[in-house]
A.B. asks: 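Dropping a structure here in structure tokens format, bear with me for questions.
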There are 2 protein chains.
Amino acid sequence: MTMFKSLDDIPALAETLPQTDMGARSAALDRQNSLTKPPGALGRLEELAIFLAGWRGTDRPQINHAQALVFAGNHGICAQGVNPFPQAVTAQMVANFQAGGAAINQLCAINGAALEVIALDLDAPTEDFTTAPAMSEAQTLDALNTGAQAVDPQADILILGEMGIGNSTIAAALSAALFGGSAAEWVGPGTGSDAAGIARKIAAIETGLRRHAGQSAMHTLAALGGREQAAICGAVLAARAQRIPVILDGFICTAAAACLHAADPRLLAHCLVGHASTEPGHRRLLAALGQKPVLEFDMRLGEGSGAALALGILRAALACHNGMATFAEAGVSEA
Amino acid sequence: MTMFKSLDDIPALAETLPQTDMGARSAALDRQNSLTKPPGALGRLEELAIFLAGWRGTDRPQINHAQALVFAGNHGICAQGVNPFPQAVTAQMVANFQAGGAAINQLCAINGAALEVIALDLDAPTEDFTTAPAMSEAQTLDALNTGAQAVDPQADILILGEMGIGNSTIAAALSAALFGGSAAEWVGPGTGSDAAGIARKIAAIETGLRRHAGQSAMHTLAALGGREQAAICGAVLAARAQRIPVILDGFICTAAAACLHAADPRLLAHCLVGHASTEPGHRRLLAALGQKPVLEFDMRLGEGSGAALALGILRAALACHNGMATFAEAGVSEA
């Protein structure tokens, strides 16, 4: 993977990164229509198998190696009282991931994903975006490159998640800056803010939006985002270079990737969204991105949990796609 | 499992069959609220873990043995031209199940369910319900008992599915008889009927509804149902006797179990519905039963496929419930 050297180079990657393989998609569709079921009867399982076929460039894609990456960062915006948990919880949860005790550990284990947790300078939070850009361009590029380098070229699919106290405020700020609408339209309770906490989130975001208005998508990422958001963008791009499809998680992960969509929508063509979070901004964001989530399960945890849950569905889709008999093979009469 | 000796004895089973264990549910909820996540952040995964805890009677339920039963039957109503596939396809698909080539085989394999396929007198279809009751009481009881006896008492969960050319007409007829509404409101394309085929389905059901009106739920099962529908009811009741929760599949499987709901709604308290089928009658039926499906995936295959897909979600729910660390264990600060 080429190292990212300038934020301004990123939108043009849409011209050079691989595209889906239409021949593989077409062959996968032909196979689906030959299997012992009414055409289309497996619904979205069929669509997912064909999606994976196109990105892996084969009519019979497999998931032999699923990689899950969880990026963690800390945020200066916590100085504005946007989260009821102490900022130390970010490192405590990273330790919990490393000890195997979090939801993402269980979901990766049961669905067969290799989990790697990458803590990004937790002792040096980003700047408070109400008073300064959250990150310099150099810091943003560092995080982008860390995310890109973490992607295993041997992976067949990549699950992305995040951890960072305060980062639902980051997600709402990015979403409002990229897609418009008031801060209040993008803000929700996050890990559990009450009405006063939500009011503090809105006020902080309004200040940040005024301070950092009028910038390109990738410079908005630097001004309002955080290291885990930039790392997610780097991983999405590195995966694309290897034709590895990506499952994004909930509001925070999707908002990070939305910076790439705003840079050029084609940059997310290889990405699914694993689930629709109950964090209210997520549905609005999914609509802005034109994404239909794989699952709707009233989850709002982050960590990549919804994406890891969706991996099980993709495995089921490929089990049917690759394992079923055709009408001819099974000697079953057609209509 | 006591053998069923009279259809009229079935409603009263609601008084004697086991109920959910409220103590186990409460202990499971306490555990969920102690795990390293904001309370409720795993959404429906938490609800499913608590549901399983109540029925298994333990705060830490496990799925060590998942059983899947697919019942197959043939239907005299096919004489009315209600299905574009020849009736021989029922036996051909049973052979496909036995050879491992169908969707249900792949979904059971990937989600760890032991699949058993039970063909019910395929060479002797039920009567055409436009001209006679589909089954005698003795035939119905035979199928109920076959279904009940097929349930493995060692199972931790039971997945139910069916196969039977013509049985979307059976499902629509049962639904209309049990819950009211016109035949047209319950009929859909099934395996792929065109407009003329759908018109034949509606006409056949209207005739059947007139002929067999005014009977109890279980006698309606005999008059309009089929052997696989009765076997599903028997399996649902036998599972309940063993405190084994059940995952019903789509329209046809749910319509079969709906006979028990109409007999006494408490008889389905241990049942989930695995998915919402695109067969239009299913959503109407789910509303009548007050059931929220586990998944919505635009599937319409039957065989137990949606229920087997949902099993993977239940396994994920229990993986989190049993495997996650508590705040105290992980040393994570609370809000």
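Letters A, B, ... are given to chains in the order of the sequence lines, protein chains preceding strands, and every chain is numbered from 1. As the structure is a computational prediction, the values presented were derived from the model and not from experiment.
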A.B. asks: Where is the tightest heavy-atom contact between A:T36 and B:G101, given as atom of each residue plus distance?
C.D. replies: OG1-O, 3.6 Å

A.B. asks: If you count every heavy atom of other residues, nucleotides or ligands that lies below 6.0 Å from B:D30 atom CG, does the total exceed 12?
C.D. replies: yes

A.B. asks: Ignoring hydrogens, what is the shortest heavy-atom contact between B:A325 and A:N96? Give both atom names and the distance.
C.D. replies: CB-OD1, 3.8 Å

A.B. asks: OG/B:S333 to CE/A:M93 distance, rounded to the nearest 0.5 angstrom?
C.D. replies: 11.5 Å

A.B. asks: Around B:N64, counting heavy atoms of other residues, nucleotides and ligands shown, do more than 12 lie under 6.0 Å from its CG?
C.D. replies: yes

A.B. asks: Which bit of A:I104 comes within less than 4.5 Å of chain B, counting heavy atoms only: side chain, backbone, both or neither?
C.D. replies: neither

A.B. asks: Give the C-alpha distance, both sets of side-chain angles, the deciding distance and a yes or no for side-chain contact (heavy atoms from CB on, under 4.5 Å) between B:M324 and A:Q106.
C.D. replies: CA-CA 7 Å; B:M324 285 177 70; A:Q106 321 316 317; 3.8 Å; yes

A.B. asks: Below 4.5 Å, heavy-atom pairs only: which of B:T326, B:N322, B:I313 has the largest tally toward chain A?
C.D. replies: B:I313

A.B. asks: Between B:F297 and A:L42, is any pair of side-chain heavy atoms under 4.5 Å apart?
C.D. replies: no

A.B. asks: What option among B:K37, B:E47, B:E46, B:R44 has the most heavy-atom pairs under 4.5 Å with chain A?
C.D. replies: B:R44

A.B. asks: Counting only non-hydrogen atoms closer than 4.5 Å, does A:I165 touch chain B with its backbone (N, CA, C, O), its side chain (CB onward), both, or neither?
C.D. replies: neither

A.B. asks: Side chain from CB out, backbone as N, CA, C, O: work out which of these in A:V332 comes under 4.5 Å of a heavy atom of chain B, or both, or neither.
C.D. replies: both

A.B. asks: Nearest 0.5 Å, what's the CZ-CG distance between A:R315 and B:N111?
C.D. replies: 11.0 Å

A.B. asks: Sort A:A316 into side chain, backbone, both or neither according to what part of it lies under 4.5 angstrom from a heavy atom of chain B.
C.D. replies: both

A.B. asks: Of all the heavy-atom pairs spanning A:R300 and B:P39, show the shortest one and how long it is.
C.D. replies: NH2-O, 2.8 Å

A.B. asks: Please state whether the side chain, the backbone, both or neither of A:T278 comes within less than 4.5 Å of a heavy atom of chain B.
C.D. replies: neither

A.B. asks: Can A:D298 and B:L45 be said to form a side-chain contact (heavy atoms from CB on, under 4.5 Å), step by step?
C.D. replies: CA-CA 9 Å; A:D298 297 346; B:L45 291 184; over 6 Å; no

A.B. asks: Which atoms of B:L311 come close to chain A, meaning under 4.5 Å heavy atom to heavy atom: side chain ones, backbone ones, both, or neither?
C.D. replies: neither

A.B. asks: So for A:A103, is it side chain, backbone, both, or neither that comes closer than 4.5 Å to the heavy atoms of chain B?
C.D. replies: both

A.B. asks: Counting only non-hydrogen atoms closer than 4.5 Å, does A:I110 touch chain B with its backbone (N, CA, C, O), its side chain (CB onward), both, or neither?
C.D. replies: side chain

A.B. asks: Output yes when a side-chain donor or acceptor of B:Q92 lies under 3.5 Å from a complementary backbone atom of A:A330, and no otherwise.
C.D. replies: no

